[in-house]
**Q** 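Let me give you the structure first, and then I'll get to my questions.
Sequential numbering from 1 along the given sequence is applied to the chain's residues. The figures that follow rest on heavy atoms only: side chains count, while hydrogens, waters and symmetry mates do not.
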Amino acid sequence: MTATTVPHPYDDAQFYDGVPLRRLVAFVIDVIVATVLMGAIAIIGFIAGFLTLGLGWVVAFLLFISADFLYRWVTISGSSATWGMAACGIELRDRLGQRLDAGQALVHTAAYYVSVALGIPILLNLLVMIISPHRRLIHDFLLGTVMINRPA
């Protein structure tokens, strides 16, 4: 893999082998992590609400609804992978084959949420990932990002 492009799916197939299944497992891990994080925020926020005469509930609510977004953005901007992706040995790369920076991670996370909010059918997204040589989801196509097996 060169630093100026993503690996070619036919020349460097090892970068894409098993990515769809790994991405699914990573998604499940990330949902579990986000759920635990949100649960902790809910418990702490509930207690803080009583101690601050209700102000803690407002702050906790704002943190609660943004926790998953912040988790994904911060972890992707730090290592180009969420904890689930890292556990599964995959990471995101931009169109030049580089790890995503904070701005790219923010846009990627927002695009992910837009695709979910618009109700792009999950089966359509999975079908696109399975048939595309780079194993991209729809928002990856739009951004030029690609999920690859972490290089050794």
Side-chain angles (χ1 to χ4, degrees), residues 1 3 5-7 15-16 18-130 132 134-152:
M1 180 175 76
T5 185
V6 296
F15 285 105
Y16 302 98
V19 166
L21 179 59
R22 288 174 182 229
R23 199 166 188 172
L24 177 63
V25 173
F27 173 78
V28 171
I29 292 170
D30 289 331
V31 166
I32 292 168
V33 169
T35 301
V36 169
L37 179 63
M38 292 166 77
I41 290 169
I43 291 168
I44 293 168
F46 182 75
I47 295 167
F50 285 111
L51 298 175
T52 61
L53 302 174
L55 180 62
W57 291 327
V58 174
V59 173
F61 175 74
L62 295 173
L63 284 173
F64 183 83
I65 63 173
S66 60
D68 187 57
F69 186 95
L70 291 171
Y71 160 72
R72 291 177 185 279
W73 176 38
V74 168
T75 55
I76 291 172
S77 66
S79 62
S80 211
T82 62
W83 291 346
M85 292 173 196
C88 292
I90 56 177
E91 64 184 38
L92 284 162
R93 295 296 177 106
D94 67 13
R95 68 182 74 247
L96 299 176
Q98 301 296 315
R99 290 180 166 194
L100 274 59
D101 60 27
Q104 292 169 318
L106 178 65
V107 172
H108 189 274
T109 303
Y112 164 77
Y113 275 96
V114 168
S115 72
V116 170
L118 291 177
I120 294 175
I122 293 172
L123 292 177
L124 176 62
N125 232 341
L126 292 175
L127 178 65
V128 168
M129 180 173 51
I130 290 168
S132 70
H134 285 95
R135 304 293 188 235
R136 291 177 171 161
L137 294 173
I138 293 171
H139 63 277
D140 293 322
F141 272 111
L142 297 174
L143 300 174
T145 55
V146 64
M147 183 73 70
I148 62 170
N149 289 316
R150 188 178 321 124

**Q** Starting at CG of D30, measure out to CZ of R72 and round the result to the nearest 0.5 Å.
**A**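 That separation rounds to 5.0 Å.
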
**Q** Classify the ring geometry of H139 against Y112: parallel below 30°, tilted from 30° to 60°, perpendicular beyond 60°.
**A** perpendicular

**Q** Which pair of heavy atoms, one from N125 and one from I138, lies closest together, and at what distance?
**A** OD1-N, 2.9 Å

**Q** Evaluate the side-chain proximity of V6 to F15: yes if any heavy-atom separation is below 4.5 Å, no if none is.
**A**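 A side-chain contact is absent here, since even the closest heavy-atom pair is not under 4.5 Å.
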
**Q** Is it the case that the side chain of W73 and the backbone of A102 share a donor-acceptor pair, with hydrogens and angles ignored and the cut-off at 3.5 Å?
**A** yes

**Q** With side chains defined as the heavy atoms from C-beta onward, is the minimum distance between T109 and L106 less than 4.5 Å?
**A** no

**Q** I'd like to know if the side chain of R95 and the backbone of L143 have a donor-acceptor N/O pair within less than 3.5 Å.
**A**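 Checked: pair present.
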
**Q** Could you check whether any side-chain heavy atom of N149 comes within less than 4.5 Å of a side-chain heavy atom of V19, counting everything from C-beta outward?
**A**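 When only atoms from C-beta onward are counted, V19 and N149 do touch, with a gap below 4.5 Å.
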
**Q** Flag this pair as yes if the NZ/CZ of R135 is under 6.0 angstrom from the six-membered ring centre of Y16 and inside a 45 degree cone about the axis; otherwise no.
**A**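 Verdict for Y16: no cation-pi partner in R135.
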
**Q** At their closest point, which heavy atom of A81 faces which heavy atom of A86, and how far apart are they?
**A**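 Scanning both residues completely, I find the closest heavy atoms to be CB-N, 4.0 Å.
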
**Q** Apply side chain to side chain contact (heavy atoms under 4.5 Å, CB included) to the pair W83 and I29, showing each step before the final yes or no.
**A** CA-CA 8 Å; W83 291 346; I29 292 170; 5.5 Å; no

**Q** Any side-chain heavy atom of V107 within less than 4.5 Å of one from L100?
**A** no

**Q** Among residues at least two apart in sequence or on other chains, which ones pass side chain to side chain contact (heavy atoms under 4.5 Å, CB included) with I43?
**A** I47

**Q** A side-chain contact here means heavy atoms from C-beta on lying under 4.5 Å apart; do R93 and R99 qualify?
**A** yes

**Q** Tell me if a side-chain donor or acceptor on R22 pairs with a main-chain N or O of C88 at a distance below 3.5 Å.
**A** yes

**Q** So do L92 and Q104 actually touch side chain to side chain, heavy atoms under 4.5 Å?
**A**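 Answer no - side chains too far apart.
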
**Q** What are the two closest heavy atoms between S77 and A105, and how far apart are they?
**A** N-CB, 3.5 Å

**Q** Any side-chain heavy atom of M85 within less than 4.5 Å of one from I76?
**A**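 Yes, side chains in contact.
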
**Q** Can you give each donor-acceptor pair under 3.5 Å made by side-chain atoms of residues 59-67, sequence neighbours left out, with the distance rounded to 0.1 Å?
**A**
| from | atom 1 | to | atom 2 | distance (Å) |
| --- | --- | --- | --- | --- |
| S66 | OG | L62 | O | 2.8 |
| S66 | OG | L63 | O | 3.4 |

**Q** So, for E91 and P151, which heavy atoms are closest and what is the spacing to 0.1 Å?
**A**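 Looking at all heavy atoms of both residues, the shortest contact is OE2-CD, 3.9 Å.
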
